[in-house]
Participant: 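My structure is below; once you've seen it, I'll send some questions.
Both counts, for ligands and for their atoms, begin at 1 and track the order of listing. Residue numbers count from 1 along this sequence.
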Amino acid sequence: MYGLVNKAIKDMVCTRFGEDIWQQIRHKAEIELDVFTSMESYPDDLTHKLVKAASIVLDLSPSDIMQAFGEYWIQYTAQEGYGEMIDMSGEDLPEFLENLDNLHARVGVSFPKLNPPSFECTDMEEESLTLHYRSTREGLSPMVFGLVKGLGERFDTEVEITQTQSRDSGADHDEFLLRYKSE
Ligand SMILES: O=C(O)CCCCN(CCc1ccccc1OCc1ccc(-c2ccc(Oc3ccccc3)cc2)cc1)Cc1ccc(C(=O)O)cc1
């Protein structure tokens, strides 16, 4: 994952729990680095270690950590200069999700080590859609709940997300039913 992700995790911990909780998490994760370079690519394992250590130190489940991170990612990337990119990708929540693979393709042009997940929308109705999430990475599906919640806040749209299929229980990809109020 690009360092931007690890920087966002550090930033979320520092702003919400303080610097010394971050140091405890970094120590527990046995990570020497204290500064992550946004445009450098780091092993995915480093991010998994951070999530696991944060879950122990904060006494929260890894799923809670990933949901909180997903939500934080939306505001963090907007403040880190990707706000226009997000704004260009859709006028509303469904349109953004339909364009998300294109957004990743655009980022990937400049940053070839990007290994983005794929998001596909089907069964699109006025106030609902099915979101298919495919990733080469294991166990990050709780992050999708937070990402969608964060998008709801960004688009000022009430959204309810339920997982309808899960890789953990044998499906070939994760699937979510999204219900939202169209303004
Ligand atoms: O792999 C998985 O299964 C879960 C990945 C969860 C994080 N994604 C969230 C995607 C997303 C979902 C909903 C709404 C918004 C989302 O993200 C928008 C977005 C996506 C990518 C970036 C991005 C921008 C620059 C990057 O790299 C940099 C950063 C600074 C300078 C140079 C390069 C890396 C990602 C920014 C916003 C974004 C992402 C971040 C990093 C990677 C990667 O390094 O492969 C792949 C995807």
Participant: Looking just at side-chain N and O atoms, do Ser89 and Asn102 make a donor-acceptor pair shorter than 3.5 Å?
Facilitator: no
Participant: Can you see whether Thr47 engages Asp44 through a side-chain donor-acceptor pair at a distance of less than 3.5 angstrom?
Facilitator: no
Participant: So does Arg179 pair up with Glu158, basic N to acidic O under 4.0 Å?
Facilitator: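 Answer for the salt bridge query: no.
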Participant: Is it true that Asp172 and Arg167 make a salt bridge, defined as a side-chain N closer than 4.0 Å to a carboxylate O?
Facilitator: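 Salt bridge flag = no for Arg167 with Asp172.
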Participant: Measure from every N or O atom of ligand 1 to the protein's N or O atoms and keep only the pairs below 3.5 Å, writing each with atom names and distance to 0.1 Å.
Facilitator:
from     : atom 1 : to     : atom 2 : distance (Å)
ligand 1 : 1 (O)  : Arg137 : NH1    : 2.5
ligand 1 : 3 (O)  : Tyr133 : OH     : 2.5
ligand 1 : 3 (O)  : Ser135 : OG     : 2.6
ligand 1 : 17 (O) : Trp73  : NE1    : 3.0
ligand 1 : 44 (O) : Tyr2   : N      : 2.7
ligand 1 : 45 (O) : Asn115 : N      : 2.7
ligand 1 : 45 (O) : Asn115 : O      : 3.4
ligand 1 : 45 (O) : Arg137 : NH2    : 3.0

Participant: Would you check if there is a donor-acceptor pair between the side chains of Tyr72 and Asp11 at a distance under 3.5 Å?
Facilitator: yes
Participant: Are a donor atom and an acceptor atom from the side chains of Gln165 and Asp174 found within less than 3.5 Å of each other?
Facilitator: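 No, no side-chain donor-acceptor contact under 3.5 Å.
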